[in-house]
Structure formats: C-alpha cells, structure tokens
Amino acid sequence: MTELSAHPAIETPSTAPPASYWTLAIRKMLRPWLVKIFAAYIAAVLLISLTVPLLASGKPYAIDIHTGNGWVTRYPLFADLTTRDYLTFIAGAVIIGIVVAWRLTRVVEMMRRRSLRLGIAGVLIGAGILGGSALAILHHNRFDGTDYRALIKSGMAKNAIFAPIPWGYAEMEPLSKNAINELPSWHHWLGTDRSGRDVLARMLWASRVAMGIGFVSQAIALSLGIIVGAMMGYFGGIFDLLGMRLVEMVEAIPTFFLILTFIAIFGRSILMIMVILGVTGWTGYARFLRAEFLRIRQLDYIVAARATGMPLWRIMFRHMLPNGLTPVLVSASFGLAGAVTIESSLSYLGIGVRPPTPSWGGMLNAAGNPATVFHWFEALPPGLALFLIVLAFNIVGEALRDAIDPKSLS
Amino acid sequence: MGNRFTVKDFIFLCIFIVIAVMLGFTLGSFNYLTHQVAGLRSDLQTMQAQQTSELYALKTLQRSGVRTTNHTGINDSSKVASDIRETLPDGSRYVMFPNPPLPPYNPYTKPNFAYGDWLVESLSSEPNRIMPYVPQSESAASIQASVLESLLVRNPLTLKYDPWLARSYTVSKDGLKITFVVRRRARFSNGQPVTAQDVVFSYDTMMNPEVNCAPIRSYYTDIKSCRARSAWTVVFTFKRPYFKALGIAGGLAIIPKSVYGFQHMSEFNKHGKLLVGSGPYVLKRWTAGQAIVLSRNPRYWGPRPIFDRLVYRFITNPQASLQSLLAGQIDADGLEPSQWLKYHNKKSFLAKFTTYKYLSAASGYNFICWNLRKPWFQDRRTRVALAMLVNEPAMIKTFMHGLAVQNTGPFNPVSPQNNPHVKPIPYDPAMAQQLLKKAGWKRDADGLLERGKTQFRFGLTIPSQFPLGKRIAEYIKQQFAMAGIDMQINPLDFTTLLQKINHRHFDAVMLGWSGSIENDPYQIWYSGSYKNDGSNAGDFDDPLADRLILEGRRTLNVRKRMHIWHQLQAEIYRQQPYLFLFTSYSLIAINKRIKNTQPYPVTGISPGDWFVPLALQKYR
Amino acid sequence: MPETPLLSVQNLQISFRGEDALVPAVDGVSFSIYPRQTLAIVGESGCGKSVTAMSILRLIPTPPGKIIAGEIIFNGQDLLKLPEKAMRRVRGGQIAMIFQEPMTSLNPVMTIGDQILEAIFLHQRLPARQAVKLAAESLRQVGIADPERRLGEYPHQISGGMKQRVMIAMALACHPQILIADEPTTALDVTIQAQILELLSTLKTKNNMSVLLITHDLGVVAENADVVAIMYAGRIVEFADVYELYANPLHPYTRGLLACVPRLSQTNQRLTTIPGMVPNARNWPTGCRFEPRCTDCKDEARTQCLSHLPILRQINERHWVATFSAPGYADAKFTLPGLPVRRNKTPATGRMGATD
Amino acid sequence: MLSYIIRRILLMFPTLIGMTFIIFAVIRMAPGLTTAGGSFAPGMLGAHQAQLAQQHFMERRLHLVTRNGKPIPLVVQYVQWINRIIHGDLGTSIKFSEPVTKLVLQRLPVTLVINVISLIIIYLVAVPGGVLAAIYRGRFVDRAFGISSLVLYSLPVIWVGSMAIGFLANPAYLNWFPSAGLHATNTSHMSYFQYVFDYAWHITLPVICLSYGGFAYLAKQVRGSYLENMFMDFTRTAKAKGLPPSAVLLRHVTQNSMLPMITIVGMTVPGLLGGSVIVEKIFSIQGMGRLMYQATYARDLPVIQSMALVSAAITLASYLLVDIAYHAIDPRVNYD
C-alpha cells in the first residue's frame, strides 16, 4: 500500500519547534485522506465506546415523576451508571486532556515544553485517580428496572429528556409479533432484533466490548511480548533457547479450549477474555522484538554504548527498546485488528461475553446462524462495523509502517 | 523493461492452470475413491455380519431340522381367530392376538396402495453407533425402531399394549408376574426363529455389567428375574408393583442370541454397526458422514414392509434440511417455527408438501428450576409472583410464533397424565408486586427488593448452546428488573452446567425434560431424589406430592392412576418449584407423493403407515 | 580512411519521475565510441554517467525512468527504436555490461556455471557439452583457476574479486563488440582493482572490443582510457583524447578534478577540493550548471554564464568542451564528440608517471 | 544436511514434551471432567436416562484420573499418557466411544482436503496476482489490487460466512449452494464426474471463506518480495545478458522470492486447524475443527489431548519442514 503514503515529505516550517520522530511519523502517516478517514473512524468508535452509556440508554437523563408528594425531578440515567462507567469516563477525559495539552504546548520552547507536558500529565492523572477513587467510594449505583416509557404513557411521569438513542442494549419492546425483527424505521433507526431490541443501541454498546477487548488484550500481550522478546534478543544464548521453546509451547495451546476452561472455572467476564487473549497473544511480539534486538545488537551504536561502560538495563531501555519498538508498535496495530476478530469469532461460537451484553460476533450469530432464520438487516450492521474497524486498524497499521520506514521518512 | 504479456507468458499460465486442474482432479479422485472404498467397506462389514449370523443360523437350523420358510403376507389372509382381551378367573389379565395388530390408520386398504419406493428422511446428527442398548442418541433410536422389535407394541390410538412378537401375555393380579408367549412365526432377519431363549438372552445381555448400557439398564432394576418356562414362554417377575412394568418388559428390544452371543460379552461394546433383529428392515449400509440405509427384510415374518428402503440422511442444520426437502432429496422433515411461519400458508409449498402441526407426547417441556434451598425461592408466594411477572402467552407468540403451548405442570399436554383443569398462572405484575410484599420483600435504597439482609439478586444458569433459551432468559431478566429483582444470566457449556446441577451449585437453571406418553415423576419430584445426584435438583420437598407419587407408582389401574397424577400436577403447579415454560408443537412437512401420513393424536406421525402410490414412485 | 563509430549517442535525454515532477538525470548527452577504443566517462556520483551507460542497453527501470529524446546508433540501428526482441539480441550478445557491485550482481541461488551458461545459450546455438567447455574457457580466460569446479559453485562461496571476474567472464562469453563497465572496481580492494583493470585491458585487446568505462577515478582513467568524457550534472562538459585532457584541461571542473588527485610529490599539502555542492537535479541553474562553483567566471562573463547553458563545442581536433571560459569556445561549433583510434595501443604503464 | 535435520528433530522433542505437558496440565485443570459428556441435546434431557448417562460417563472419566479411588498425580498421569502414545494408543473417545485414532483418521482427511484445495487456490490466485501487481506497480492494477487485498484481508470470516449462507444457500433468498456438509445425500449412485461436481459445489463456499483472507495476505507478501527482487542487482545482470523479461521474472526473481513464500506456507499450516473451527461450524462440516469443538464441549479428554498433540506436532513439523526447505533452496545457509 505504498500509494497511501507515496507523497513527498513536506518540510516542517522553520518557525515551529522541531518535531519529534513520532510526531513526524504520525503526521506523515495521516497525510493520505483515506488514512485520515479511517483514523477518524477509529477515534469515533473509541469515543463512542467510552461514552456509550450516555448515548444509548432507555433511561432518561432527567424526568419528572409523580410520587406521593407531588412531582419530583429524577436523573435515572446518571443514577443507573455504574462506578466502572464513571471510571471509564474519567480515564477517557484524562487521556483526551493529555492529548489536547500535548497539542497546545507545541508552541512552547523545547526545554520547557517537556517539563510542562509532564506536569500537565501528572496533574491530570493525579486528578483522575483522586476523582476515580472518590467516586468508587461515594458512588452507589441504583438498580433501576423501571419502564419509564410505560410510566410516561400512564401519566405518572412527564418532561423526560432521553438520550439521543433512547434504547438500552437489553431493552425489549413489549413482546408482540410486530416488535421483533422490525425493519429500520424512525423509531428504531436500524430496526429491532429477534427479541425486539434496538439494533443501533446494541451496535454502539458492542463497540465497547470490541474496543475494550482489543486494546486491553493487546496492551497485555504487548507488555509480555516486549519483556520476553527483549530478554531473548538481548541476552541470547540460553535465554534465547528457553524463550523460543516457551514461545513455541504457548503457540501450541488451543486458545479456544483455554477460554472455555477459564470461563468454566471463573465464570464469564470480559476481563477474562481480555487476559486470555493477552496471555496467549504475546508470542508474535516476542518473536518480532527478538529478531529486532538481534539485529540492533550488532549495530555500531550499541557496541559503542557498551564500550562506554553503560549499564545493561540502560542500553536496553534507552537505546535498544525505542528502536526495536517502532516496528512492534506497527504490528500492534495489526494485532488490534486480530484481537477484535478473535473476540468476534468467540462470541460467534457462543463463548463471549455474558448476555444480554451485546457483541458484534454474538449479534452476527443471532442473525446469521444457519440454525435460525436469516435476517439480513440484523446481520448487516454488526458485520459491517466489524469489517470497518478491522479494515481501519489494518489501514492505519499499513500507513504507520510506511511512515516509520526510514527509507520514506525524510 | 517491457512488461507486455507475451505468448510465452500465456502458455505458462495455461500450463499452470492445467497443472492446477489436474491436481484438483487428483484430489477429487482421491476423495472419491476413499469415499467409495469407505462405502464398500461399510457394505462389506454389514454383509459379513449378516452372513456370519445367517451361516450360524443355517447350521443350527440344519441341526434342528427346521426348514427355513419365507413368510407369506398375512394382511391378505383371512383372520382365523379373533383377538382376545379378558380377565382370567384368578384376576390376571390375558391378552392374545392371533395375528400381529394392523396399524389403526390401515394403509393396506387405502386406494392406490402400493408396495415399493424408498422413504428418505433426515437425521439431525449422525449416531456414533447403532448397537442395541448401548448409549444412543435420538437418531440411533429411530433407526433401531425399524430393525429391532419387542414383545409388545403400543397401539397409537388406544395407547394400550398389544402383543407383537409375543402372541399373548398374561399379567398376574398383583402385577408382579408377566408371562409372554412368543409367536412361533416370528423370525429374525437371519431366518432364526425368535424364541424364549432369545428374550432371556436379550434381558441378560442388557443386565450384563460388562455391556455399556447403564442408562437403559436402570429402567430394568425393578425386575427380579426373567426366565424361560418353555421354548416359547417367558416370565418376567417384578420386585414390587410398578405401573410401568408391562411397558418395560414388553418394550425390551429382542436381539438374536445367534448373532450377539459372544464368548465374552465385553466384545459387545467393541462393535458399532452390528444391528440384527426381527424387524421389517435390515441395515444395508452406513456411509460415514452421509446416510444410513435400511433395506426391506426379505424374509420378514410379519406383514410385508411397504417401502423397499428407508434412507436416513445426516443433515445437521435446519436450513440445510429445508433445502434438501425443497429439492426433493428428503421426503419428510421437521420445520423450525420460523420456517413454518414462512411456508405453512405458501401455495407453492403446499402444492408439494403436506404439513402437520400437532403436539406429540414425545416433545418435552422447558422450565426454569429454582433452587429451593436458596433464600430467595423458599417461599411459595415469591415463586408464584415470579411466574406472574413473566408474560408467557406473549413470549410464546413472539419467540415461538405461537407454535407452543404453555405448560401447567410436569406432564405433556396431550398425555392422559395431564390435568386439563389446572389453569395457568396469569401475567399480572401488579398482583406479583403484592405477593412479593406479602412475602416480605421490600425495595431498599438501591432499588432492589430486599428481605432482611437478603437482596433479591441471583444468577440464572442456561446452556450456552441454546439460543432460544438465551432470548427467554433475557426477556425474563428485563421483566424481573422492573420488579426490582436482579437476575444475572450465566451461560455455561452443557458439561459444566450438568456438573453444577449435580453439585447443586446454582440459584436457578433453565433446562428441558423430554416427554413420553406416561412419565414416572419419581425421579424428578420425589423428595428423596435430591440426594445421590437424583434429578430433583431444586430439592422439591412436598409431603403431599411425595404421597401421591408413591401411590401413583403402585396403582395399576389406569383411570385411578391418572386421577392421582392429576392431583399431583395440581399440587406441583401450585407449589411452583419450577417456572414451567412451554411445550413446542411438532411441525412436519411431508412430500405429497407419500400418502396416509396423518398423525395420531398423541404419538404423532408414524412412518410405518406411509406408502407411495405406484404412479408417484421415484426409486426402484 | 575515417573509421565509422561503433556506437554513437546523440542528444540523449533521460528523466526520472520524482514524487511530483519529472527530474532530468541526463540532459543532452552525445558521444561516440570507435572500435577497439576505451572511452571513459568520468564524473561525480549522481552526474548521470551510470544512467547513460544503462540507457545504452535500455536497462533503465521504466516506470520511474524515461528516455525523453535522443538516439543511440549501434551498427547503424537506433537502439532506442529497436523492438524488444532485437534489443535482447544486442544485450549480452553485442554489447555486454558489468556492474559496480559484484557481490549482489550475481544471483545468489544459481550456480556460477548456470549463470554463465544462461548467457551462452541465449546468444549461441551450442550443444550442451561445448557450452560448458566454453563457459569453463571463459572463466579460465579471466584468470580463474580450476574453472570446472567453480562452475558448480554458488556466488557466496567465492570472493568479491572473483565475482567480478565471473561477471567479466559472463559478459565476454558471447564475444560482444562493446563492454560497458559501470564502475567495475569501486567496490573492490585496491590490489584487486588493479588486477581487474589490467584483465579488462588485456581482454579488450585480445577480443578486439571497445570498452565504455564508467568511473569516478581519474587515476583509473589515465591508465586505461583512450578517450575521456567528463560529465557534470547530466551533461558532458569536456571530451578529449586522454593525453590532450591531462595536458590541457579546459573546463574548470576538469581542472578541479585533476587537482583533487593526490600526488606523491606534494606530500605536505592538503588535498584540494572543489568548493560548493553538486546542484540538485530538481532545480538546476538556468545557466551554466557549474556556475555556482566556478572559479573561472569573471565578472563580464558571469551574466552569460547565468543566463546561457554552454553546449559542447569542438575547439580543436581532439578536444570538445562546454565552457564559455575556454579559449576559442565562442567560434567553435558543435560536432558529435568522438575520436577514432589514432595509433597503436599505448602500454598502460607508460603513463603512470604522468599522473603520479 | 542429514546431521542438521537429525539435530533439528532432536531439538523438537523437548519442545514437544513441554508443549504436551502444558496442554495436559491445562486440560486437567478444566472443571466438568467428572460429569457427563454432552451426549444429549442441550435444553432437552431425558429425565432418568440423562442422570445415568452422566454417571456412566463420569465413571469412564474418573477411570482416567484415579486409581483405587485415589487421584493419580498429574505427572504420573502424564507419563502414562505419553507411554500409551508411544505404544500407538491415543485412547478411546468418551463421547463417541471409538478409538481416537479412528476418529482422527476419519476427520483429518475432510479438513485436510478442504484446506489443501484452498491452499492451492490461494497460491493459484495470489501468486500471479502479486506478481502482476509487482510488474504494474503504481499503476491502476496495482492500486486496485492493493486496496482489494486489504479489504479482503479485513473481512471477518464470520460475516462472510453468515452472509453467504444467508443469501446464497437459503431457500428464502438464493438457493444456489448447499448450506451444510460436503456431499449431496445420495452420492452412492453418482458417476465420477457427478461426484466431483457435487463435491466442488459443496465446498465452494467453505473454500472461499477459508481462502480469501490468506489469498490477500499472501498476495501482498508476494508483491513485496517480487518488487524487492525485481530491483536487485542480479536481476539487472540477467537483463543485461539479454534474457527476456518473462525468463528474468520466472527464473531469477521467482527463485529468490520463493523463500518468503515458503515461510508463509509454514506459518499458514498450523493456523489452518484453528481457522477450520469457525468455517466447519458455519458450514456444518464434520472435520477436525468440529471434532475439537465437540470434544471441548463434551470434555472428551482423550480426544482433546490427542487433538492438541496432533496440532502441536503439525505445527512443529511444519516449522521443521520450512527450515529444511529453506536449507534446500537457499545455498547460502550452511548446515553447521
């Protein structure tokens, strides 16, 4: 896909402070419009997955309810959010804050910029941890199964402000033949599934599972892979021999069986699947980093660093890792695509998340399993979303690979 | 460099393609050959088995000087004697049928009746083995039904047991002793006559601990002995009076000693495809992954079988079997509710297929079993309230497209056990709230129901490979949530789920029991069945129910027994130890070329009655 | 009688497609080679000399590179207009080429013998046994001992100098009329360089062929060439008989180059360098391309240098030059540069003293 | 060469032992070992019969892990298992009551044939495609090829499979392909050509689902390695010799591009079994993937262990074969 980035490097304007290697690479990567679109898509899905409790919910933001002592305003949606939801918001806000601060501080002069950025990041993270722990202690989410729509219909409630998509992921329309397998309409933008639930709401909620599993499992896999791969690549010898055997062994474990086993022991949870995908998925990174390290180890500057008597860990982390890591990060982008695919396959086979939590693979299975009747309008959205997110990760990965290619980075 | 596509490149490409095609063909022929070889080998194996058995039979026949005879059709021979059902002076019941009974919907007298043609049906899974008695799947059972026969047969209309391989039977007054007289005409497919020795042998084989048939053996634990009194008479003695005694003894599949009489009975387990009986069909071939073919037993002792062959094809998913049905590759198929909905009133479909929708006694029912030892479910009012929160009629209408019937107890709705006067608990959330309040449940600050320190929060375990169950659970979860009950859904793979049930590690579990014409409620509902991994997993312990169960099992009089079962059902439904869900309709489509297909009211369709008029016959 | 040139290149223009525009690499190069002559093209890296050499065999990778204009006349045919099939007969058969990197120029997964035989079978109809004999013979010719054994070896099993010898053997196996040697010794050790060059000149006489020697090393030129063309920024700036050039360099660039060659006599002196940088092909100056680095540019001539590109003109019988500062340049005319072989071959050693 | 291969094989054994032990330990950790196997359809249980079947299965499974009522230590179990394997006994399936060897021999050809066919198709399409894209690099063909291979590579199999079954093999839409199995139901009376046609008709959709992703991946690699070798110096030499472009491509470039392609074959083979689980599930094919799936659900220890062993052995063997092929093709690698 060289054509995606086969554009001349534009020299950075001399007025701006010199950009770092990564900034350059990312800027170069984002140049083609196609990559821009798909990067934006990933960002959008990420954002949706972070904020979906506010976007799609059957509970209104605010509503006036008639109680024994007159009308009372309630905020069911916020009361219903779990601590984990709030923590996700805080984490998202911190990350977005750091990114924005990073961009805003670009104009600051080089030496001060670094400490400023670190300071801002520290403050934001500290505030996030503080806020998060306070929330974890103070917030108590209320179990709320009230059907607010019925309440409004019966005149017991009024002035409801609903979320943009006023359906929860598990919320069924009152059971009737007309409510299920509904085609897209004004009421349900993507129709309803065979239990009478809003497909769009489920789609959005499912993005949470996909992105969560993708990012967390790859983070685990990446850190494990980096540690083992770096050890193998740097020390070589017996470390390398044993490490490679370990890699081969882990590759031989049937993931599918492992997940079934763990689900049977510990019960179903997203976390479990994340951990298993992480624990079995690190081998690729380890192999990659090992090869990189074996290559880099021969290079002159490492020999030079060793000649100056620099301690080992410093050579590894300051000199070798940053150089070996770049290609690994590229493969992490493909790894994300792979993790999302595996998660959806597991859900398709029926060993994914706990129902009624939606996931794209599970929705596909419900719609397209040959043992049931095929409803294309139910199978299309999750498949398309899955396809697009995998495509996006792959395209961004390709573009990133081209961008960090030393031959093309001028 | 000039990159034009030259003639040489083209030739290269052609060679490439030719090689590829040749490779494909090689692979194809490899596959084809292995396939054919496998088929031949399977034929050979079955043939060998048949031949050895026949050789053996011939030898013994020569020794005993009996001449093998081909049967003559009896349906056309005029009846010499008439059937007898009478009570003897000593109070025992005597039943004698001089000829095997004809099916109630008699095909032989129908217009256009003709022998011949094949009947092709689908099986949803390939059986692992089709040995008699050995643990079997439903698919193996339907094949065995055409090859193996038993002493008695249940009349599908009257539901009474009629003599089949037995010419007559006598049940002693206390019900402990059943005497069968075997028909002298009856022959196994190898020509060997069916004797009392074979019946005893069959019983002994099944009771032999070396033979892997524990599940079936368990039914026969109530039998004290099985003895041959003479060459044609055999007596079963029971330990205690049991209403199912006649069905158990008369339902034993009779296998020929001449074939299965191994020196070491452990050899029995090693075979997979040795299936020889006295039935109208014999196993012709079994092609792995494809089909099992039965062919007409040429020396069948009874009425001549109608079809020349019965073919059972393994088609694993409903969509594929519908495809095959539409393409005419199979003659009859069960439909999914959604398929039924789509096709049952489509003219083009109805022009080719006859459709039936009926409740069969064999269909089971689904339920949610509450673990009554857990704090949430100990109170009857709570359980009733939970049932009131679920709108079952709407669920049946929506999820099952109306093709199911709500259960009002553990018995099949069409079975005589079922008490038609038990009314289903209505969907009434308001009433449910009141009941919950009465039971002491109050809303706490968290929005959950609470009694004392117990919050109403439990897990429902469902089998993960059961999509409908998931939908039902999701619906129920929502309904409970509205009442302030938090139910978590835990899908587990079936094996783990069974383990959890065995160890009683569950709050509530969704499962199904399969049905039969008359169930013995002991295993599921008797309080003693909680221990020892019995099936009373929820620990239902009701003195009245226990009394009724024990009494019912003893009662041999059908009407009295049914009365007891009706009472039992009312009591169980009142107690609501299960949230009873529904029994689905059987939805069948049969190719129009097959005639006489109407189902019996309780037992459903009976392929033994079917025939194809000469003009419509397809296979010869 | 005046000899006809074996190969003449006229007004060759080659461009490469850059990321946004066409970048000229060779811009109006003309020269000719006569039989049994060694023509050396000298220039800094990036001046277009290798591209010129490759274009003769039409080996320029076509999507980025493109021959815009010009003619390459060989034996009376324009090679640029020749159909691909006829061109293939020329390649290897009549004009052969060896490259700068012997290490990578041989296919690592084929034996040496296979690679030589491939060339032989391509251009000669020979029975297999005879072809093998020919291959062995050509290996022996380039001074490889035990050639029969070498034929079965893989390139990684022999040294760099040997590889270049193999390359030469492969090129000469079909007795070409011209051998294009594209910096044949650059990647080799100095001792081996001399051996290879000597081998080349021996073989040249033996096989009666012309050699087009591409190099950046004026020392090599002095030893081996008959005629020299100096290239700078895509153009030939000076073309002369080797004696003439060394005796009377006219172009300031040539003078600069000659000054850069270290001499034993000037031990204590630092090496001279030509100030400035080679201009980027993307934006060549409109006028003389050497103008920014030129020491000859006097004030009055400068305006001309800035606005006009000096073309190559013949200022005497054996000398062509493209600079306004050369004496007699203004009156001289453009002719196709090329010098027939004047006399009997000069022993290479004879000129050693002149350069050292 | 021979000593190298022997050394490689010897090195394989510790890995194989470690691998099998990990697999063994993980499998023995799984709960549900002492309960029944899924011999009954979920959701429908014959009341009493199911209970007894459970006991029966449990006994047979307990027989595997206990002796005289005491649990056998894991290591001893492992050694016993290995010992049995060495004697050629993979055990007897609990769910299918048949020797595992027989089951594997029954299922393996199914999976193998489909996979080999799709591998052939992958190579038949991807190699010329990749080469064409390399030749016409930067032009429309190449761009279209690049985009489409990326798109294909990103298409999830579960979606393509469900859509294919839903639209192309569904009486409600287009009833073009069969939706399950590998054969029509009455093959016994088919002629050879009918049979082959029928087989081809049945495997079309599964093979498409198995191959398109691999095709895209391989094509990209082929394009890359051809492009790299097309600009190598030795290619230029070959052209300077006067070789026609097709010969340059087929002889010089291809030979050098073989190496990465072989590596890819080696990497694909172990993945085939895993990929088969999904495709065999979607298209109801009774192959190894499905056997694994069924065995896992039924906690059929002997089958799971043997399958894991088989797949581990296949993985290692394919690595070994790649290494040997590398040595055979690339003269630069020495066999020390």
Side-chain angles (χ1 to χ4, degrees), chain A residues 58 74 76 79-80 140-148 150-151 168-181 192-197 202 257 259-261 263-265 267-269 347 349-358 362 365-375, chain B residues 124 316-320 323 336-339 341-342 391-399 401-402 443-449 455-457 459 462-475 477-486 488-493 495-497 499-500:
Chain A
R74 291 259 171 81
D80 189 50
H140 209 64
N141 79 299
R142 213 182 120 78
F143 181 83
D144 187 3
T146 321
D147 185 353
Y148 286 96
L151 219 57
Y169 61 84
E171 193 183 347
M172 298 175 184
E173 286 261 19
L175 285 187
S176 80
K177 264 191 178 174
N178 299 332
I180 61 162
N181 292 326
T192 58
D193 71 359
R194 61 196 59 203
S195 294
R197 295 171 297 194
R202 287 180 70 73
F257 183 79
I259 290 179
L260 262 186
T261 306
I263 283 174
I265 300 175
R268 259 174 210 246
S269 79
S347 300
L349 292 176
I351 48 174
V353 289
R354 183 198 295 272
T357 315
N365 186 22
N369 192 333
T372 54
V373 164
F374 179 67
H375 291 291
Chain B
S124 62
T316 41
N317 74 52
Q319 187 176 320
Q323 273 186 320
E336 292 288 298
S338 46
Q339 291 174 343
L341 201 70
K342 199 166 178 96
N391 188 353
E392 266 201 65
M395 206 160 72
I396 290 171
K397 212 181 226 169
T398 318
F399 294 157
H401 305 288
R443 289 247 184 185
D444 65 359
D446 290 344
L448 271 174
L449 287 184
Q455 285 192 322
F456 213 140
R457 173 175 277 164
I462 63 172
S464 58
Q465 300 301 90
F466 182 35
L468 179 66
K470 203 160 88 184
R471 286 163 73 197
I472 294 170
E474 285 166 350
Y475 166 71
K477 177 186 167 74
Q478 186 182 346
Q479 291 302 109
F480 284 2
M482 284 181 195
I485 299 166
D486 186 12
Q488 267 202 336
I489 305 169
N490 303 324
L492 280 181
D493 64 293
T495 320
T496 321
L497 185 137
Q499 189 189 31
K500 300 250 174 194

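Here is how names work: the chains are called A, B, and so on, in the same order as the sequence lines, proteins then strands, and each is numbered from 1.
B/L448 approaches A/F143 most closely through the heavy-atom pair CD2-CD2, 3.6 Å. Across all non-hydrogen atoms, the minimal contact from A/P356 to B/E474 is CA-OE2, 3.4 Å. Nearest heavy atom pair, residue A/M172 against residue B/Q478, reads N-OE1, 2.8 Å.
Counting non-hydrogen atoms of neighbouring residues, nucleotides and ligands closer than 6.0 angstrom, the CZ atom of A/R194 exceeds 12 such neighbours.
For B/K477, the part sitting under 4.5 Å from any heavy atom of chain A is the side chain, from C-beta outward, and nothing else. Contacts between B/Y475 and chain A at a heavy-atom distance below 4.5 Å involve backbone atoms as well as side-chain atoms. Using a 4.5 Å cut-off between heavy atoms, B/I485 touches chain A through its backbone atoms (N, CA, C, O) alone.
Judged as a ring pair (Phe, Tyr, Trp, His ring centres under 6.0 Å), and not counting sequence neighbours, B/H401 has no contacts.
In this structure, A/R142 contributes its side chain and B/A445 its backbone to a donor-acceptor pair below 3.5 Å. A/R354 places no side-chain N or O within donor-acceptor distance of the main-chain N or O of B/P491, the cut-off being under 3.5 Å.
Using non-hydrogen atoms only and a strict 4.5 Å limit, the part of residues 391-398 of chain B facing chain A consists of B/A394, B/M395, B/K397, B/T398.
Between chain A and the residues B/N490, B/D486, B/I462, the largest count of heavy-atom pairs under 4.5 Å involves B/D486.
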